[in-house]
2 protein chains.
Amino acid sequence: MTDRNQTATLADVAQAAGVSTATVSRCLNEPEKVSERTRKKVIAAVNTLGYAPNFAAQAMAARRSKTLGAVIPTMANAIFAEGLNAFQETVMEAGYTLLVATSNYDPDEEETQIRTLLARGAEGLMLIGHERNQSIKDYLAKRNVPKVVAWAHDPQRVGSSIGFDNARAMAAIVNHVKGLGHNHIALIAPPTEGNDRVQARIAGAADAVGHALPTEIATYDLDAAADAFARLMTLSPRPTAVLCSNDVQAAGAIMQARAMGLAVPGDVSVTGFDDLAIARAVDPAITTVRVPHKRMGRMVAEQLLSRLAGGADRMVELETTLVVRGSTAAPQ
Amino acid sequence: MTDRNQTATLADVAQAAGVSTATVSRCLNEPEKVSERTRKKVIAAVNTLGYAPNFAAQAMAARRSKTLGAVIPTMANAIFAEGLNAFQETVMEAGYTLLVATSNYDPDEEETQIRTLLARGAEGLMLIGHERNQSIKDYLAKRNVPKVVAWAHDPQRVGSSIGFDNARAMAAIVNHVKGLGHNHIALIAPPTEGNDRVQARIAGAADAVGHALPTEIATYDLDAAADAFARLMTLSPRPTAVLCSNDVQAAGAIMQARAMGLAVPGDVSVTGFDDLAIARAVDPAITTVRVPHKRMGRMVAEQLLSRLAGGADRMVELETTLVVRGSTAAPQ
DNA sequence: GATGAAAGTGTAAGCGCTTACATTCCTGAA
DNA sequence: TTCAGGAATGTAAGCGCTTACACTTTCATC
């Protein structure tokens with residue numbers, strides 16, 4: 001801890017330029033309020049000293065951090081990557097920086113991450129799904145932090161959200177499969193706790209067929225999905241269609257089908273969700289639901305910025321589209 | 001901007017607990033220095049007020065942020081996700097928080113991201129690869145910011161790095177393919193500018209065969225790789241093996257081969273790099289190089305923390321392993 | 001040239017914390 | 001009982017910035 005990280009301060013720049021710190025600050029933040037002459041002097045000083053503003057000091061003095069936060073369940077698969085990217089881009093264009101945290105699908109972890117982001121000065125949050133601990137909901141309400149919920153749409157809720165109707169999207173898949181003639185349909189879904197998107201999908205599927213479907217729980221990786229698929233294949237009657245909550249799981253299911261010598265879609269149809277790259281990479285390509293991730297991310301950012309500027313809450317429902325590919329066909 | 005975000009401050013807690021701010025601060029940061037009695041009072045006050053420390057103020061007063069930064073090329077594919085995750089976990093265990101930024105494989109963008117992270121108080125950085133703008137190198141050197149380079153190992157360089165020998169890993173693939181009897185080998189690689197890992201891989205392949213190989217450049221997505229594969233198939237003699245710089249590209253190549261009616265590995269062998277999930281999801285599964293992402297991420301964090309604590313620079317070379325799967329076979 | 005408004009600049013008070021140093025309290029040995 | 005010395009606490013000086021307010025210049029107008 002010697003003089004590491006020694007950095008020029010505003011005062012250094014001011015001295016070098018022969019002006020006051022106020023002028024330097026203005027020059028950097030509201031250049032139009034400073035005369036041409038002074039501006040040049042200041043900029044020269046900034047450059048020679050390699051001055052970079054200290055973020056903490058800035059945030060503290062101005063009492064706003066120009067920072068937004070996002071907490072997503074995971075970075076481990078691509079589900080959120082694209083939306084987050086679009087979110088980030090939009091946010092940066094507006095001069096804000098983004099703090100990202102992951103909750104690992106754990107409500108408690110999400111809560112601490114939210115608190116951390118807030119302590120770090122996040123002025124607004126993007127959150128995934130509606131469901132979370134009551135304590136953190138209260139906290140957010142009390143602090144009056146603008147937030148917008150993404151990846152979910154539920155007209156029953158209040159507040160800002162940009163998302164799609166998970167139940168309806170799932171129902172669309174079910175109807176497609178039913179339309180092909182399948183009567184023995186089963187589900188592979190990730191753990192439902194704290195995940196209202198998945199709950200909605202399971203419920204949507206049940207609604208569409210009129211009863212609850214046999215469901216195996218698997219985490220978001222190939223092997224877990226493969227195991228779940230194997231378990232489903234022991235049921236009798238054996239399902240002729242397996243609907244997965246995610247393309248990765250669908251890929252795992254297809255992988256396992258291959259290992260078991262079952263043809264897809266000949267012996268069993270498989271569907272995914274999200275339309276990730278992997279959906280087209282596997283053989284057969286996966287019938288899935290395309291979610292407008294990019295658009296969603298961008299709209300979340302816009303809505304959040306609008307809330308920050310005093311705008312009203314808004315709920316937007318985005319359309320999803322069924323993408324039929326080779327992994328589904330009529331049962332033999 | 002009314003009284004939004006009003007939050008209890010240290011002073012509020014101090015008043016509520018009937019002690020000084022210094023005591024509250026100590027109670028939170030060095031509890032052992034405070035008597036049992038006071039501690040209880042303070043903790044009670046903290047809870048009833050819902051106090052959370054203001055990060056900016058903390059960082060400013062203590063003149064250290066307990067923050068590390070990482071800038072990775074992209075979150076769009078899974079390449080860096082796993083390593084970053086491990087990095088993050090290790091860093092959090094040590095009580096640090098992590099700031100992540102993406103450069104989109106653009107050196108200039110990387111430079112601004114690094115500056116941003118530093119302005120935000122990052123005390124150390126994880127960077128991918130050795131190659132970057134001289135200006136930012138100078139800046140880091142001048143500010144004496146501890147950094148460790150990941151994903152690359154180059155004995156020629158100085159400083160801390162945890163990585164593997166990209167050239168050697170690629171040579172291993174080439175040797176495997178050559179060993180199967182292939183003489184017409186081609187490459188699909190991402191844009192090489194500012195990406196020393198890819199440059200090393202291309203060079204490693206060239207070394208292993210004794211001459212430069214026909215190479216098509218494609219970004220990290222299925223379609224770009226598919227196009228690149230199609231272009232390679234127009235060469236004469238037609239390559240019997242296509243080595244990709246990444247599993248996603250390999251998946252794209254296989255997808256395209258299927259579309260063109262070419263059998264993999266019958267008509268053409270394909271290899272990948274990284275051993276991502278997708279490598280096992282596709283059919284045939286991809287012969288690839290397994291990189292110890294998790295271990296690497298963890299070691300980078302440890303090395304960075306050690307540097308922060310005054311430790312010395314260290315260069316670690318990790319082993320990679322060739323994983324032979326169905327996508328490679330002897331040429332017909 | 002005098003005048004007042006507008007434009008440019010400076011002064012200084014914090015923002016919410018940490019921490020060196022000063023002060024007070026408590027303990028046990030003499 | 002006394003008192004040294006450690007333990008517990010308080011006081012107050014910043015950390016590097018922004019910004020209200022005060023002040024000085026500039027300049028068009030009369």
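Bear in mind that the values here come from a model prediction, so they are computed numbers and not experimental data. In what follows, chains carry the letters A, B, and so on, assigned in the order in which the sequence lines appear, proteins first and then strands, with residues in each chain numbered from 1.
Scored by the ring pair (Phe, Tyr, Trp, His ring centres under 6.0 Å) test, Y105(A) finds Y220(A) as partners (sequence neighbours excluded).
Side-chain atoms of N104(A) and T102(A), non-hydrogen and from C-beta on, never get closer than 4.5 Å to each other. Looking at heavy atoms from C-beta onward, Q303(B) lies out of side-chain contact with M299(B) at the 4.5 angstrom threshold.
Taking atom NZ of K41(A) as the reference point, atom C1' of dT9(C) lies 10 Å away to the nearest angstrom. If you measure from atom CG of D12(A) to atom C1' of dC15(D), you get 13 Å, rounded to the nearest angstrom. Counting to the nearest Å, the P atom of dT9(D) and the CD atom of E32(B) are 13 Å from each other. Summarising the geometry, the separation between CZ on F55(A) and C1' on dC15(D) is reported as 16 Å, rounded to the nearest angstrom.
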Contact pattern, 5' to 3', of nucleotides 16-26 of chain C - B, S or - by protein heavy atom under 4.0 Å: BBBBB------

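Remark: S35(B) is in phosphate contact with dT9(D), judged by side-chain N or O atoms under 4.0 Å from OP1 or OP2.
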Using distance only, find each side-chain donor-acceptor pair of residues 52-59 of chain B under 3.5 Å and give its atom names and separation, not counting sequence neighbours.
residue, atom, partner, partner atom, Å
N54(B), OD1, A56(B), N, 2.9
N54(B), OD1, A57(B), N, 2.9

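Among the candidates K137(A), R115(A), R132(A), the single residue satisfying the salt bridge (Lys or Arg N to Asp or Glu O under 4.0 Å) test with E110(A) is R132(A).
With values rounded to the nearest 0.5 angstrom, L117(A) atom CG is found 6.0 Å from L125(A) atom CG.
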